[in-house]
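Residues: numbered from 1 along the sequence shown.
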Amino acid sequence: MRLTETLAQLDLGAGQYPFVIALLRYGDCSQEQLAELTAMDKSTAARALKALEQKGFITRKPACDNRRMNIVHATSKAARLEHEIHRRLNAVNSELAAGLSARERRLLLRLLHILEDNTQAFSTL
């Protein structure tokens, strides 16, 4: 809820920012590649990208070699907000981890990586 609240001030949803961050990190991608990078299903990705396009964070254009594939590009609006998005994500993470020692934070990250790996294994079944 806290993440949703803080990102709403930037006109971003909690389910939308991963796509913006992925595009800014990896550059132009197809919608399918973005779904894989963000570990979201294709229909969720399509809805999020439609909203991001309407808000001016991305543009989508058909690929030159395959008109059925859309290539997604982050706009200058997204690039201008990159630092602020990261700042807000870090602030929320700090709030969530308040009271944890450095050792406990490392352990938490290790456990979350295990959960992420296990989740990835489900998607290949």
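- For Glu116 (side chain) and His113 (main-chain N/O), no donor-acceptor pair under 3.5 Å exists by modelled atom type.
- One finds the CD atom of Glu95 at 10.0 Å from the CG atom of Leu3 (value rounded to the nearest 0.5 Å).
- Within the 4.5 Å cutoff, the side chain of His86 has no heavy atoms near those of the His83 side chain.
- Here the straight-line distance linking atom CZ of Arg2 with atom CG of Leu7 works out to 10.0 Å at 0.5 Å rounding.
- A heavy-atom distance below 4.5 Å is found between the side chains of Arg60 and Gln31.
- Checked against side-chain hydrogen bond (donor to acceptor under 3.5 Å, both in side chains), Glu84 has the following partners two or more places apart in sequence or in another chain: Arg87, Arg88.
- Atom CG of residue Leu34 and atom CG of residue Asp28 lie 9.5 Å apart, to the nearest 0.5 angstrom.
- Using a 4.5 Å heavy-atom cutoff, the side chains of Lys50 and Arg47 are not in contact.
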Between Leu107 and Arg110, is the side chain to side chain contact (heavy atoms under 4.5 Å, CB included) condition met? List the steps.
CA-CA 5 Å; Leu107 175 61; Arg110 195 181 75 177; 3.6 Å; yes
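- A distance-only check finds no donor-acceptor pair linking the side chain of Thr44 to the backbone of Met40 [under 3.5 Å].
- Hydrophobic clustering, with ILVMFWY side chains joined whenever heavy atoms are under 4.5 angstrom apart, keeps Leu112 apart from Leu37.
- To the nearest 0.5 angstrom, Glu53 atom CD is 7.0 Å from Thr59 atom OG1.
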Please step through side chain to side chain contact (heavy atoms under 4.5 Å, CB included) for the pair Glu32 and Lys42, ending with a clear verdict.
CA-CA 7 Å; Glu32 186 172 313; Lys42 292 178 187 177; 3.6 Å; yes
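- Under the side-chain hydrogen bond (donor to acceptor under 3.5 Å, both in side chains) criterion, Arg105 pairs with no residue at all, not counting sequence neighbours.
- With hydrogens and angles disregarded, a donor-acceptor distance shorter than 3.5 Å links the side chain of Gln33 to the backbone of Ser30.
- A continuous path of hydrophobic side-chain contacts links Leu108 to Leu115 [ILVMFWY only; heavy atoms under 4.5 Å].
- Rounding to the nearest 0.5 Å gives a distance of 6.5 Å between CG of Leu52 and CG of Leu12.
- Distance check, rounded to the nearest 0.5 Å: NE2 of His73 to SG of Cys29 gives 11.5 Å.
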Can you list, pair by pair, the side-chain donor-acceptor contacts under 3.5 Å of residues 13-25, counting residues two or more places apart and other chains?
{"from": "Gln16", "atom 1": "OE1", "to": "Gly13", "atom 2": "N", "distance (Å)": "2.8"}
{"from": "Gln16", "atom 1": "OE1", "to": "Lys55", "atom 2": "NZ", "distance (Å)": "3.1"}

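- Between Leu49 and Ile58 the shortest side-chain heavy-atom distance falls below 4.5 Å.
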